[in-house]
Amino acid sequence: MAVLYMKMQYFSRKIFDMKKILLSLFVIFSFGYYAYSRNESTSGEQNIQSEVVSTTIKVESVVPTSIKNEAPKITKPIVKSSVVKPSGYKDGEYLGGSFDAYYGYVQVKVIVKAGRISDVVFLDFPQHSKTSREINSEAMPILKMEAIRVQNENVSIVSGATETSRAFRKSLSSAISKAR
Amino acid sequence: MGMPITIEIADEKAVSNDIEDVFNYFKEVDKRFSPFKPDSEVSRLNRGELLPDNYSNEMKDVLYLCDLTKNESFGYFDIKKANGNIDPSGVVKGWSVLNAATILKNRGYENYYIDAGGDIEIRGKNRNSELWKVGIRNPFNAEKKEVVKSVYLSNCGIATSGNYIRGNHIYDPKAFYREVDELLSITVIATNVCEADRFATAAFAMGNNGILFLEKINGLEGYSINKNGIATMTSGFEKFTHQYEADKQIS
């Protein structure tokens, strides 16, 4: 495998740095593994489909909480389309789908040279510098959690949600799926 | 807006005309912003019958707030729906309650709350000269008005975002087909109800990351409840649960 290196142009938090490195390594290795496995399987087949390869990774839960203490869960990598040449990917630059960083969207550009990944570049940066609000940029917090319990005290003012009737939600989601 | 509105004034003198004027203000807001009224300004806008130059000042204010919220929430708050229409309800409620509170303030009231569908602006103290006690509703029991958490508030706003019966207008703008269902509700306490409402809506769309988003922003505290009945609170939230805490500044 060719030497891989990443350029990371944005960060202020070390913990998040590491997660992002882990994440991008995962992107690269899953990409690389995909290339490798396609390599193995295309002998004798004709593969003429075209070529933009994109990897979309949805990060479900980035931050450790007081109950869960695990590395970011990465689910459902979606790799579209297929290889052009038996030797690997067509040379060029490919834009990976944006994925949710904790603070915004990060787009990855994968550069393929000689059929192998030669570079991964982070393109998109969180926009927080444009917000009017001051953002506390310390390390990721660990937030208190509790099981909710119905209280029997008399409270006259109530801030609420969830007046959804199940029937209404069902009809709404079928309407949404028809519209797609 | 088709939702219950409650006003309570704790000041010694409360003139019924003033309360009436506030209710009339909400009727006007509903006339202008209800997506269920075919001749509301928002419906006409969505049918392409209005040019931006002809938007009312109120519509411009609301759209500006929607834009601001979208930027601040990295796109998770987005009033544009799957069918191309806009629905600014996630901002209109809090915005209108804040304006209504200003009406009362301008008439000299100092101790009151205004509650429109669970978005509440709270000023001063209650009739016992204590902080106003507000409950966070149990999202698991839509039929009853049960409370799972109580907070004591003054001079701030509180709003809860979740799934509303009048339209599931809360969804993930990054994936229109996916309804957000990791969270049942998220409650935000902010310096005023307009802030609370727009950030509650944005944070709810982020699912489990919403509470982290709130934690990172000064001036907001949050309490989210997920589908397993587990609540997560921002680090500054707990002080609101203590009735006699002297210093309740939001930080």
Side-chain angles (χ1 to χ4, degrees), chain A residues 13 58-63 65-68 73 98-105 126-128 130-138 140-169 171-173 175-177 179-180, chain B residues 6 8 68 71-72 74-75 82-83 113 115 117-120 122 132-142 145-150 158-168 174 176-177 179 184-187 208-209 211-212 215-219 225 229-235 238:
Chain A
R13 290 171 295 285
K58 179 85 183 168
V59 179
E60 291 277 290
S61 161
V62 181
V63 175
T65 62
S66 58
I67 288 186
K68 286 190 280 191
K73 222 181 350 174
S98 299
F99 64 87
D100 290 0
Y102 168 57
Y103 247 20
Y105 287 85
Q127 309 264 324
H128 70 274
K130 294 183 188 160
T131 65
S132 57
R133 294 194 159 259
E134 186 189 280
I135 294 181
N136 182 358
S137 57
E138 288 166 7
M140 288 302 182
I142 293 177
L143 301 181
K144 182 171 174 184
M145 299 170 95
E146 64 186 9
I148 61 167
R149 281 180 307 148
V150 175
Q151 299 178 353
N152 294 318
E153 317 156 20
N154 222 351
V155 186
S156 51
I157 320 171
V158 177
S159 183
T162 315
E163 292 179 0
T164 312
S165 75
R166 296 198 180 277
F168 187 91
R169 279 197 71 183
S171 64
L172 185 73
S173 38
I176 289 174
S177 53
R180 258 188 285 150
Chain B
T6 307
E8 182 176 335
L68 182 68
N71 287 337
E72 290 174 328
F74 311 110
N83 60 7
Y113 73 85
D115 173 358
D119 287 6
I120 311 164
I122 294 137
W132 295 93
K133 185 176 184 184
V134 179
I136 294 175
R137 188 161 170 178
N138 180 9
F140 289 94
N141 194 343
K145 217 177 183 187
E146 288 174 338
V147 163
V148 291
K149 194 76 174 172
S150 293
I158 183 170
T160 299
S161 208
N163 299 308
Y164 292 87
I165 196 174
R166 281 164 200 82
N168 191 355
K174 304 301 172 190
F176 284 123
Y177 52 84
E179 282 183 22
L184 287 186
S185 75
I186 190 161
T187 300
N208 286 329
N209 285 336
I211 196 73
L212 308 170
E215 170 73 10
K216 285 302 192 179
I217 300 184
N218 291 332
I225 302 173
I230 303 294
T232 308
M233 60 192 93
T234 54
S235 52
E238 200 147 35

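Keep in mind it's a predicted model, so treat the numbers as computed, not measured.
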Greatest number of heavy atom pairs closer than 4.5 Å to chain A - which of I120(B), I122(B), V147(B): V147(B)
Non-hydrogen atoms of V155(A) and S150(B) that approach each other most closely: CG2-OG, 3.7 Å
Minimal non-hydrogen separation, L143(A) against M233(B), with atom names: CB-O, 3.4 Å
Between CD1 on residue I211(B) and NZ on residue K144(A), distance to nearest 0.5 Å: 13.0 Å
Minimal non-hydrogen separation, Q151(A) against V148(B), with atom names: NE2-O, 3.3 Å
Minimum heavy-atom distance between T160(B) and S159(A), given as atom pair plus value: OG1-OG, 2.6 Å
Partners meeting salt bridge (charged side-chain N to carboxylate O under 4.0 Å, His left out) with E146(A) (sequence neighbours left out): K149(B)
With S156(A) via side chain to side chain contact (heavy atoms under 4.5 Å, CB included) - residues at least two apart: none
Euclidean distance, W132(B) CH2 relative to I157(A) CD1, rounded to 0.5 Å: 6.0 Å
For the student: nearest non-hydrogen atoms of I148(A) and P139(B), plus distance: CD1-CD, 4.4 Å
